[in-house]
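Notes follow the structure.
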2 protein chains.
Amino acid sequence: MNLNEKTKRAGDLRQTLISAGIELLQSGGANALTLRKCAARAGVSHAAPAHHFDGIEGLLTAIAARGHEMFAATMLAHLSRASNLNRDRLYSICEGYLEFSASNQALYGLMFNSGQIDFCDPDLGSKSHASFEILEQCCAPLRDTNTGPLTLEITIWSLLHGYCSFTKKAREGSPKHPANRIPFQQLFDYVVPSN
Amino acid sequence: MNLNEKTKRAGDLRQTLISAGIELLQSGGANALTLRKCAARAGVSHAAPAHHFDGIEGLLTAIAARGHEMFAATMLAHLSRASNLNRDRLYSICEGYLEFSASNQALYGLMFNSGQIDFCDPDLGSKSHASFEILEQCCAPLRDTNTGPLTLEITIWSLLHGYCSFTKKAREGSPKHPANRIPFQQLFDYVVPSN
DNA sequence: CAATCACCTTGACACTGTCAAGTTGTAAAA
DNA sequence: TTTTACAACTTGACAGTGTCAAGGTGATTG
């Protein structure tokens, strides 16, 4: 009848639990995500998730992996709307990054700022690697011969990550925080040569 | 007799609890830090902290504030050993940043990657502002007229923050992660004009 | 001397993650 | 067909967590 029933019919409670977890993150933030609440939202008992994940860490890791799929999709969506200019393409990736982190704050925090997930997980590893590859492919044409390989990628990635961290702190905390005056484009212009 | 007794004599259980929390972070990571364990380590009952902090969030916020004091001290220690060159001075700040994050991983995570502290807290605000001011003062002489105010500061701060995040993920997760091949100095050279 | 009050303790509560044992339905094996 | 095996899920229990209400204690103050 309802969604849960239908999803369970398909036999993949695993996917249902991951979706439930993401919904909990979206609606109630990081503290709302609980193994038992995930189970309840999926319509199963509190011990059911143990048959599909290795404890809470396993569930959170699987949620983060799903998050990386969404993350990559958001960046690719922005990329598809960019011009042919290499610099525009890289900037559109950045816009996708910022949009994802703004629209999925708790999920983004779980993926990038959490000590609760298992970075050794191969599924998480391959999906996060796929995200990074999108960035790499947009950086490649912009590299000049002076800078070492990956320098631009790491710089952009770090800049985005740090910028999100700043704006988040500025949003939640003191509004006098300097970061909320600086648009990302200003940092991008500073870091990426605009030949 | 022991340290707890002596500290409690002085009347500041608050400071004792903060110290206990930092010790727990150092020895057992983020998951080892608990309100009840803090109380036990300080030699008081599990409900005692409530008289000094506003719940667990208040305790974590106070620990983060203390962390920012240590953070600023580490950067200043590195700065004192730098040459007179402005660029060296800024780089020494960065070294201090990286040393602090490497030597106090869980505490650093609580301060910068945690959704569990109250960024509105005035004490935390002033102490984290003091840390940022150290960076600001070292950036000021390096600004050229083209770049907007704070652009260099935010760039360096974000780069450091992102770099720590990368190296942490590379350390815990897949050793094939690209970040662990890139020394920070390479990023610094790329971002900071070198004349 | 009595009252006040900051500080701490005790005990309880709901909630969390995890484990062991039991139930059910399905699919393979006899 | 009957039996067996097994995977998926439930139930119930456990220690640990944060938080609250009530009570005790000792120093300060009127």
Side-chain angles (χ1 to χ4, degrees), chain A residues 1-21 23-25 27-64 106 110 114-118 121, chain B residues 1-21 23-25 27-64 106 110 114-118 121:
Chain A
M1 212 233 287
N2 58 13
L3 181 72
N4 289 339
E5 201 106 8
K6 181 184 157 200
T7 328
K8 275 159 68 184
R9 274 266 185 98
D12 46 1
L13 176 57
R14 182 172 220 273
Q15 298 304 318
T16 307
L17 287 167
I18 294 174
S19 302
E23 289 168 21
L24 287 170
L25 280 179
S27 62
N31 291 340
L33 175 50
T34 284
L35 209 159
R36 286 171 109 103
K37 284 184 191 158
C38 272
R41 178 172 268 260
V44 295
S45 78
H46 64 267
H51 296 268
H52 299 274
F53 303 99
D54 185 18
I56 182 69
E57 184 177 293
L59 173 58
L60 295 180
T61 301
I63 291 174
L110 176 68
S114 163
Q116 327 183 50
I117 69 178
D118 177 20
D121 181 76
Chain B
M1 211 233 289
N2 58 11
L3 182 72
N4 290 339
E5 200 107 11
K6 181 182 159 203
T7 329
K8 275 160 67 183
R9 275 265 185 100
D12 45 1
L13 175 57
R14 181 175 223 273
Q15 298 305 318
T16 306
L17 287 167
I18 294 174
S19 301
E23 290 168 20
L24 287 171
L25 280 179
S27 62
N31 291 341
L33 175 50
T34 284
L35 210 159
R36 287 171 110 106
K37 284 184 192 158
C38 271
R41 179 173 268 260
V44 294
S45 79
H46 65 267
H51 296 269
H52 299 274
F53 302 100
D54 184 19
I56 181 69
E57 183 177 294
L59 173 59
L60 295 179
T61 301
I63 291 174
L110 176 68
S114 162
Q116 328 183 46
I117 69 178
D118 176 20
D121 181 76

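Chain letters run A, B, ... following the sequence lines, proteins first and then strands; every chain starts at 1.
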For A:K37 and C:dC15, is the shortest distance between a side-chain N/O and OP1 or OP2 below 4.0 Å?
no
From CZ of B:F53 over to P of C:dC8, roughly how many Å is that when rounded to an integer?
11 Å
Shortest non-hydrogen contact between A:L25 and A:A30, atoms and distance:
CD2-CA, 3.8 Å
Would you name the heavy atoms of A:L110 and A:A64 that are closest together and state the gap between them?
CD2-N, 4.2 Å
Integer-rounded Å distance: D:dT17 P and A:N31 CG
17 Å
Close side-chain approach of A:I117 to A:I63, heavy-atom, < 4.5 Å:
no
Taking A:Q116's backbone N and O only, do any of them form a donor-acceptor pair with A:S114's side chain (distance below 3.5 Å, no angle check)?
yes
Once you round it to whole Å, what is the distance between C1' of C:dG17 and CG of A:L17?
15 Å
How many whole angstroms separate atom NE2 of B:H52 from atom P of D:dG18?
17 Å
Remember a base hit wins even if backbone is also touched, and classify B:T34 as base, sugar-phosphate or nothing at under 4.0 Å, heavy atoms.
sugar-phosphate
Is there a donor-acceptor pair closer than 3.5 Å between any side-chain N or O of A:T61 and the backbone N or O of A:D118?
yes
What is the separation between atom CD1 on A:I56 and atom P on C:dC19, rounded to the nearest whole Å?
13 Å
Taking the side chain as every heavy atom from C-beta outward, state whether A:I18 and A:F53 have any pair of such atoms under 4.5 Å apart.
yes
Over all atoms of both residues, closest heavy-atom pair of B:A20 and B:C38
CB-O, 3.9 Å
Check: protein-nucleotides 26-28 of chain D nitrogen or oxygen pairs below 3.5 Å:
none

To the nearest 0.5 Å, tell me how far A:L59 CG sits from A:I56 CD1.
5.0 Å
What string of B, S and - do you get for nucleotides 20-25 of chain C, 5' to 3', when a contact is any protein heavy atom under 4.0 Å?
------
Taken to the nearest whole Å, CG/A:L35 to C1'/C:dC19 is 13 Å
B:H46 (side chain) and C:dG11 (base): donor-acceptor pair under 3.5 Å
yes
Using a distance-only criterion (donor-acceptor N/O pair, under 3.5 Å, no hydrogens), is the base of D:dG16 paired with the side chain of B:R36?
no
Using atom CG of B:D12 as one end and atom C1' of C:dC8 as the other, report the distance to the nearest whole Å.
15 Å
